[in-house]
Amino acid sequence: AYDPRDHVPRASEERRAQVLVDELRELPGPVLMTGHGWYLADAGLPTTAQGAAIADVLRGDVGTTSQDLARELRDRIADRHWGSIVVDSTEGYSYLPPKLRECYRPVGPLFDDGRPLLPVTGTLTGPATVWAPKDAGSC
């Protein structure tokens, strides 16, 4: 029989989630986190578009909407708009433009042990690495 208790986070996972929220509050802002954006809300920070929704618009290629969004993402990356970008443990799920590596650099994991906070169900990827803007001349 199906046991729904397997889908309830354990106390240790809830503690890690609180550590994550506390870490997000300490990051230079604004913070871009396209995966698991509810943690930004929990931290009292402005939320951002969800990564899969961004990917849907980019893939949709309806009129100029996808081109406008792609351009806006590229421009904000190039302008170093975000003080911090949180990239998922599976980087592809963060749906960020290739220019990210030119303008930002990874500065370390969110957790001291380097392990991301993974969901109990669904796609096993979680907020993992913080990226910070590179020096002005490098992008």
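What you are looking at is a predicted structure, and each value in this text was computed from that prediction instead of being measured.
What you find for A132 and V107 is that their closest heavy atoms are CB-CG1, 3.7 Å. In terms of heavy atoms, D22 sits closest to R25 at OD1-NH1, 2.9 Å. Across L24 and L40, no two heavy atoms sit closer than the pair CD1-N, 4.0 Å. The two atoms that bring A17 and L117 nearest to each other are CA-CD2, 3.5 Å, heavy atoms only. For the pair P133 and R105, the tightest heavy-atom approach, listed with the atom from each and the gap, is O-NE, 4.3 Å. Contact between A128 and P116 at its shortest, heavy atoms only, is CB-CB, 4.0 Å.
Side chains of H36 and D88: a donor-acceptor N/O pair is present below 3.5 angstrom, by distance only. Side-chain N/O atoms of T34 and T48 include no donor and acceptor closer than 3.5 Å.
By the 4.0 Å N-to-carboxylate-O rule, R16 lies too far from E13 to be salt-bridged with it. Here E72 pairs with R76 in a salt bridge; the nearest charged N to carboxylate O distance falls below 4.0 Å.
In this structure the side chain of Y39 never reaches within 4.5 angstrom of the side chain of L45, judged on heavy atoms. When side chains are defined from C-beta on, D75 does not count as touching I77, because their heavy atoms never get closer than 4.5 Å. Within the 4.5 Å cutoff, the side chain of V31 has no heavy atoms near those of the I85 side chain. Residues L110 and T129 have side chains not in contact (no heavy-atom distance under 4.5 Å, counting atoms from C-beta outward). Counting heavy atoms from C-beta on, the side chains of K134 and C103 never come closer than 4.5 Å.
Judged by distance alone, the side chain of S66 and the main-chain N or O of G60 form no donor-acceptor pair under 3.5 Å. A distance-only check finds no donor-acceptor pair linking the side chain of D79 to the backbone of H81 [under 3.5 Å]. Side-chain atoms of S84 come within 3.5 Å of backbone atoms of P28 as a donor-acceptor pair (strictly under, hydrogens ignored).
For the side chain to side chain donor-acceptor pair (under 3.5 Å) test, no residue two or more places apart in sequence or in another chain qualifies with R74. Here D112 pairs with nothing under the side chain to side chain donor-acceptor pair (under 3.5 Å) rule; sequence neighbours left out. Under the side chain to side chain donor-acceptor pair (under 3.5 Å) criterion, R59 pairs with D56, sequence neighbours left out.
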> Between F111 and L20, does a side-chain contact (heavy atoms from CB on, under 4.5 Å) hold up when you go through it step by step?
Replying inline: CA-CA 7 Å; F111 291 97; L20 171 62; 3.8 Å; yes

>> Assess the residue pair L27 and E23 against the criterion (side-chain contact (heavy atoms from CB on, under 4.5 Å)); give the C-alpha distance rounded to whole Å, side-chain angles, the decisive distance to 0.1 Å, and a yes or no.
In response: CA-CA 7 Å; L27 293 177; E23 289 293 323; 5.8 Å; no

> Does the pair L69 and T65 meet the rule for a side-chain contact (heavy atoms from CB on, under 4.5 Å), with working shown?
Replying inline: CA-CA 6 Å; L69 178 58; T65 303; 5.7 Å; no

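Around atom CZ of R101, no more than 12 heavy atoms belonging to other residues, nucleotides or ligands sit under 6.0 Å away.
Y104 does not carry R80 over the face of its six-membered ring by the limits of under 6.0 Å from the centre and within 45° of the normal.
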